[in-house]
Student: 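One structure coming up, written as structure tokens, with questions to follow.
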Amino acid sequence: MKKLKLGILISGNGSNLQAIIDNIKANKLNAEIAIVISDNPDAYGLTRAKNANIKSIHINPGKYKTKLSDEAEQEYIKCLKNNKVDLICLAGFMRVLKTNLLNAFAGKIINIHPALLPSFPGLDAQKQAFDYGVQYTGCTVHFVDNKVDHGPIIKQAVVEVLQQDTYESLKEKILKQEHKIYSEAIQLIAENKIRINGRKTTII
Ligand code: GRF
């Protein structure tokens, strides 16, 4: 079976990237990482990519804080196309994608969010859930559409919030599940097992 070519977009630590690298090495994931792109030159994820001999690049995001400038967006599209990416995985990429990039890779962009969507979208989802006092939270892998943390859900994992949990311990437990379900979701796509019907996905 042909390997799915991934383009992974990061901004920071890159532990989800690392989990994908490790799962590919362990033959749990029939994919290869064609390119890692960071909007932040100091992202530790870039070092993780280099250590694994994976092509990586910092592309300047332009003047905005939460989105790419039009020029930067074109650079991202060009780089992803040049590297023949089949699927874009947002892995802690801290910017909202705009229409041109979404259209260039329609239905081929996924994201991992550290809460059970549609609860707690946006920034600091683990903190939002912890402060709200929920007893269960978790993480969600979903297709990306033109609304933030909104597209059809591919996979979720539930994490129980225990009495003794702190925000930090909760965040760590969620991250552990993220590392598991992100690769599982990518593998489902690699096997062409996902069908989308409106908001719903089914596994065939
Ligand atoms: C993760 O919690 C992810 O869900 C969120 O940003 C964090 C990125 O962590 N979108 P890492 O860079 O993969 O370690």
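Source: prediction; values computed, not measured.
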Student: So with a 6.0 Å cut-off around CG of Asn51, is the heavy-atom count from everything else above 12?
Tutor: yes
Student: First locate atom OG1 of Thr66, then atom CG of Leu123, and finally report the distance between them rounded to the nearest 0.5 Å.
Tutor: 9.0 Å
Student: Could you grab the distance from atom CD1 of Ile35 to atom CD1 of Ile88, nearest 0.5 Å is fine?
Tutor: 12.0 Å
Student: Answer yes if Tyr182 and Leu4 sit in the same cluster of Ile, Leu, Val, Met, Phe, Trp and Tyr residues linked by side chain heavy atoms under 4.5 Å apart, and no otherwise.
Tutor: yes
Student: Counting C-beta onward and ignoring hydrogens, is there a side-chain heavy-atom pair between Arg48 and Ser15 closer than 4.5 Å?
Tutor: yes
Student: Does Asn16 reach the side chain of His179, with side-chain heavy atoms less than 4.5 Å apart?
Tutor: yes
Student: With no hydrogens and no angle check, is any side-chain donor or acceptor of Arg199 less than 3.5 Å from a backbone partner on His150?
Tutor: yes
Student: With side-chain contact (heavy atoms from CB on, under 4.5 Å) as the test, pick out the partner of Val144 among Leu102, Val96, Leu101.
Tutor: Leu102
Student: Other than Leu117, which residues form its hydrophobic cluster under the rule that side-chain heavy atoms must be closer than 4.5 Å?
Tutor: none
Student: With a 4.5 Å heavy-atom cut-off, do Asp149 and Thr140 have their side chains touching?
Tutor: no
Student: Rounded at 0.5 Å granularity, tell me how far CD1 in Ile57 sits from CD1 in Ile59.
Tutor: 4.5 Å
Student: Give every residue pair that meets the side chain to side chain donor-acceptor pair (under 3.5 Å) criterion with at least one member in residues 74-84, sequence neighbours excluded.
Tutor: Lys55-Asn83
Student: Check the pair Lys28 / Asp22 against salt bridge (Lys or Arg N to Asp or Glu O under 4.0 Å), numbers first and verdict last.
Tutor: CA-CA 9 Å; Lys28 288 184 191 164; Asp22 295 345; over 6 Å; no
Student: Between CD1 of Ile181 and CD of Gln187, what distance do you get to the nearest 0.5 Å?
Tutor: 15.0 Å
Student: Under a 4.0 Å threshold between the charged nitrogen and the carboxylate oxygen, would Glu32 count as salt-bridged to Lys3?
Tutor: no
Student: Could you tell me whether the side chain of Pro114 reaches within less than 4.5 Å of the side chain of Glu178, counting heavy atoms only?
Tutor: yes
Student: Heavy-atom count check: over 12 atoms from other residues, nucleotides or ligands less than 6.0 Å from Lys98 NZ?
Tutor: yes
Student: With Asp86, which residues qualify under salt bridge (Lys or Arg N to Asp or Glu O under 4.0 Å), at least two apart?
Tutor: Lys2
Student: Nearest 0.5 Å, please: how far is OG in Ser56 from CG in Leu46?
Tutor: 5.0 Å
Student: Shortest non-hydrogen contact from Cys79 to Ile37?
Tutor: SG-CD1, 3.8 Å
Student: Cluster question for you: counting only ILVMFWY and a side-chain heavy-atom cut-off of under 4.5 Å, with indirect links fine, are Ile109 and Ile153 together?
Tutor: no
Student: Is the NZ atom of Lys127 crowded by more than 12 outside heavy atoms at less than 6.0 Å?
Tutor: no
Student: Partners of Thr201 by side-chain hydrogen bond (donor to acceptor under 3.5 Å, both in side chains), sequence neighbours excluded?
Tutor: none
Student: Is there a path of hydrophobic side-chain contacts, each under 4.5 Å between heavy atoms of I/L/V/M/F/W/Y residues, joining Leu188 to Val141?
Tutor: yes
Student: Taking side chain as C-beta onward, heavy atoms only, is Ile10 less than 4.5 Å from Phe93?
Tutor: no
Student: Relative to Tyr64, does Lys67 satisfy both conditions: NZ or CZ under 6.0 angstrom from the six-membered ring centre, and within 45 degrees of the ring's axis?
Tutor: yes
Student: Under a 4.5 Å side-chain heavy-atom rule over Ile, Leu, Val, Met, Phe, Trp and Tyr, are Val148 and Phe143 clustered together?
Tutor: no
Student: Does a sphere of radius 6.0 Å around OH in Tyr167 hold more than 12 heavy atoms from other residues, nucleotides or ligands, not counting ones at 6.0 Å or beyond?
Tutor: yes
Student: Could you work out, with side chain to side chain contact (heavy atoms under 4.5 Å, CB included) as the rule, every residue matching Thr137, not counting sequence neighbours?
Tutor: Ala115, Ala129, Val134, Val161, Leu170, Ile174
Student: Does any non-hydrogen side-chain atom of Leu80 lie less than 4.5 Å from one of Leu9?
Tutor: yes
Student: Would you say the side chain of Ile110 lies within less than 4.5 Å of the side chain of Leu90, judging by non-hydrogen atoms?
Tutor: no
Student: Please say yes or no: joined through hydrophobic side-chain contacts below 4.5 Å, possibly via intermediate residues, are Ile196 and Leu97 part of one cluster?
Tutor: no
Student: Walk me through it: do Asp39 and Ser11 pass the test side-chain hydrogen bond (donor to acceptor under 3.5 Å, both in side chains)?
Tutor: CA-CA 6 Å; Asp39 60 344; Ser11 297; 2.9 Å; yes
Student: Answer yes or no: is there a donor N or O on one side and an acceptor on the other, between the side chain of Ser38 and the main chain of Pro41, under 3.5 Å?
Tutor: no
Student: So do Val36 and Leu17 actually touch side chain to side chain, heavy atoms under 4.5 Å?
Tutor: yes
Student: Restricting to side chain to side chain contact (heavy atoms under 4.5 Å, CB included), what partner residues turn up for Leu162, sequence neighbours left out?
Tutor: Glu160, Gln164, Asp165, Lys173
Student: Under a 4.0 Å threshold between the charged nitrogen and the carboxylate oxygen, would Lys176 count as salt-bridged to Glu172?
Tutor: no
